[in-house]
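Read through the structure below, which is laid out as structure tokens, and then see the notes.
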Amino acid sequence: MNDVLAAGPALTGIGHDVLVGIFLLFVGFGAIPVLAGLAQFLIIPLHALRNHYRETGPYLPNVAVLVPAWNEAAVLTASVERLMSLDYPPDRRRVYVVDDASTDDTPAVMARLGDRFPGRVVHLRREKGGEGKAHTLNHGLREVLADDWMEALLIMDADVIYAADSLRKMTRHLADPTVGAVTAYIREGSEDAHGVTRFIGFDYLAAQAASRRAQNVAGAMACLAGGAQLHTRENLEAIGGQIDTSSLAEDTVTTFRTQLAGRRVVFEPHARVLAEEPAGIDALWKQRLRWARGNVQITSMYRHLWFRKSVHPGLGGFFFGVFWFAILLLPLAMLLTSVGLIGLYLLDSDLAASVFGAAVFVPVATFVFMITMTISVDPRVGLKVWKEALLFPGAISFTVLVGATFPTLVPWGAGDASGWTLFVYSWLVLCVPMAFLVRKVELTRWGRRLAPIGLYLVGFGPMMCAITVDAYVKEFRGAAMTWDKTEKTGRVMA
Amino acid sequence: MSRGRTTSDRSTSAIEKSLAARPYRVSPPVVLTAAQLAAFGGVLPVWADPLALADETEADRLRERRLFAGLASAIAVVVLLWTVRALLM
């Protein structure tokens, strides 16, 4: 008994050390998404050397353009007119608008367009609609595949506007028989001076123009953009001639199926497409929740694939797996980092301060590196959204990061700053419920004025994390897979 | 631990090999009538001229070299940040 009592302090010391080790591991886990992001952005410049341009050819196939539409009368005329004026042989493109039982003026708009472009604009109407985009696309696919004329199929959204040279810049990659599909660079198309769309502008710049170049280099594409995916006929037939209807991320399933069927998917950064994106937080939430739930479903659907190069050298590779899970598990990483830092603070505040002080420059430097790199891939958009880029993690997090990077500059560093320190350590996880709150605020009477302020304070990044958490909860509860369509108003102008 | 290659994996690999052995896809040449050419203001559109298409692709390929400038600026900004921090600390 006395031996046990005597060993008490030593055991307490071991327990303390074990806890410190665990909390350090938690903080280390939080570094994984940062390092994954850095690795991805470091390989982007390699796209100058490792790209698909040398394997392209002057290939101008017969292209059927498939446009799913549900109550898109406001945007259809501009969209079809733009397609008709593309710099592409006129007799080698046809537009098929698949009207998902619209209740607006879509049939009348399409009748007028059909008269203006006889034989080149086709109206396909579903009498029973509302089943989602994938079912609408499948209706059109059956019609288009039944006709031998089509050699390539462009799937797009009704609101997107293609740059005049974009289609031929995409088709050139299809000359290579190993390529099954090509996607383009989608830009946020409104000219809004601030708010949600500016954040989306930066988000698209980072996630598409920058990240997809890295995926080109790595040889595995995560997702064909829903509004700009060009397939060869052979590829569509190889993947079953149908779009997946079992998940909310049919674009990603199509991308995975294409690559698993032995064909390459290429991103063409110089084929530019403008798209209208949600201008409000609630609309953005619904759109991104659908994407996030789709990604959760795909993670489970392709569980045999992750980190198994034998299944697919690109999709099953280490790089792609880390990249995929770094995004999917970001909320967990943020939670563990916060718990780790608070735990270290309670056990040994000096050690916590040392860890935080030593580690903080890595995410700050990575953040600055990624922003500069992202802006440089498309300076025209980048210089327009640089403020939103800096405030992507939120004004509060930005202040915290500046304070941690330059502690001598901040007034709150002096004296007893334990309250501030605890706030800094816990904000990483607190910002997620705050993002939920910002969404709720938007739905209140003063929401239109207050919500944008809340978004800038909390940040677009934490909001995406909150949406991922919401996606997990909805999947766990088995919530209905509803297709919350983003309302389009025709704000985008070429 | 790898689960090894499966039947479907082998077929994927076989498809990749057979696709790589295929000739490049070609489309029939675009022929413009005099009336069509007049509609384009007498200037041959890029899509009707294989050489112009090849030039366009080459220009896009060379444009990708700007990524190196982006990398240099990104590194410069990080070094600047580090230097300012070191001076202030």
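Just so we're clear, the structure is a prediction, and the values are computed from it rather than from any experiment. So that the names make sense, note that chain A is the first sequence line, chain B the second, and so on, each numbered from 1.
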Bottom line for Arg213(A): the part with an atom under 4.5 Å from chain B's heavy atoms is side chain
Segment of Glu58(B) engaging chain A (4.5 angstrom heavy-atom cut-off):
neither
Do His270(A) and Glu64(B) meet the criterion of a side-chain donor-acceptor pair at a distance under 3.5 Å?
yes
When rounded to the nearest 0.5 angstrom, what is the spacing between CG in Leu67(B) and CD1 in Ile43(A)?
11.5 Å
Any residue of residues 18-27 of chain B which, by heavy atoms, sits under 4.5 Å from chain A
Leu19(B), Ala20(B), Arg22(B), Pro23(B), Tyr24(B), Arg25(B), Val26(B), Ser27(B)
Result block: side-chain N/O donor-acceptor pairs under 3.5 angstrom for residues 30-37 of chain B, not counting sequence neighbours:
unit_1	atom_1	unit_2	atom_2	d
Thr33(B)	OG1	Gln36(B)	N	3.2
Thr33(B)	OG1	Gln36(B)	OE1	3.3
Gln36(B)	OE1	Thr33(B)	N	2.9

Does a sphere of radius 6.0 Å around CH2 in Trp82(B) hold more than 12 heavy atoms from other residues, nucleotides or ligands, not counting ones at 6.0 Å or beyond?
no
Output all residues satisfying side chain to side chain contact (heavy atoms under 4.5 Å, CB included) with Ala271(A), sequence neighbours left out; order by chain, then residue number.
Ser166(A), Lys169(A), Met170(A), Ala184(A), Glu268(A)
When rounded to the nearest 0.5 angstrom, what distance separates OH in Tyr53(A) from CG in Asp60(B)?
5.0 Å
So for Pro269(A), is it side chain, backbone, both, or neither that comes closer than 4.5 Å to the heavy atoms of chain B?
side chain
Could you grab the distance from atom CG of Leu60(A) to atom CG of Leu53(B), nearest 0.5 Å is fine?
5.5 Å
Could you tell me whether the side chains of Thr57(B) and Arg172(A) share a donor-acceptor contact shorter than 3.5 Å?
yes
Rounded to the nearest 0.5 Å, how far apart are CZ of Phe40(B) and CG of Asp87(A)?
8.0 Å
I'd like to know if the side chain of Arg66(B) reaches the main chain of Val377(A), judged simply by a donor and an acceptor atom lying under 3.5 Å from each other, with no hydrogens or angles considered.
no
What part of Glu151(A) is in contact with chain B, defined as an atom under 4.5 angstrom from a non-hydrogen atom: side chain, backbone, both or neither?
neither
In terms of heavy-atom pairs under 4.5 Å with chain B, which of Met370(A), Arg264(A), Glu234(A) leads?
Glu234(A)
Report which part of Ile375(A) has an atom under 4.5 Å of a heavy atom belonging to chain B: side chain, backbone, both, or neither.
neither
Specify the closest pair of heavy atoms between Ala48(A) and Phe68(B), including all atoms of both residues, with the distance to one decimal.
CB-CE1, 3.6 Å
Partner set under side chain to side chain contact (heavy atoms under 4.5 Å, CB included) for Ser211(A), not counting sequence neighbours:
Gln40(A), Gln215(A), Phe323(A)
Specify which of Val364(A), Thr232(A), Asp165(A) makes the most heavy-atom pairs with chain B at under 4.5 Å.
Thr232(A)
Could you check if a side-chain atom of Phe369(A) sits within less than 4.5 angstrom of a side-chain atom of Val77(B), using non-hydrogen atoms only?
no
What option among Met373(A), His52(A), Arg168(A) has the most heavy-atom pairs under 4.5 Å with chain B?
Arg168(A)
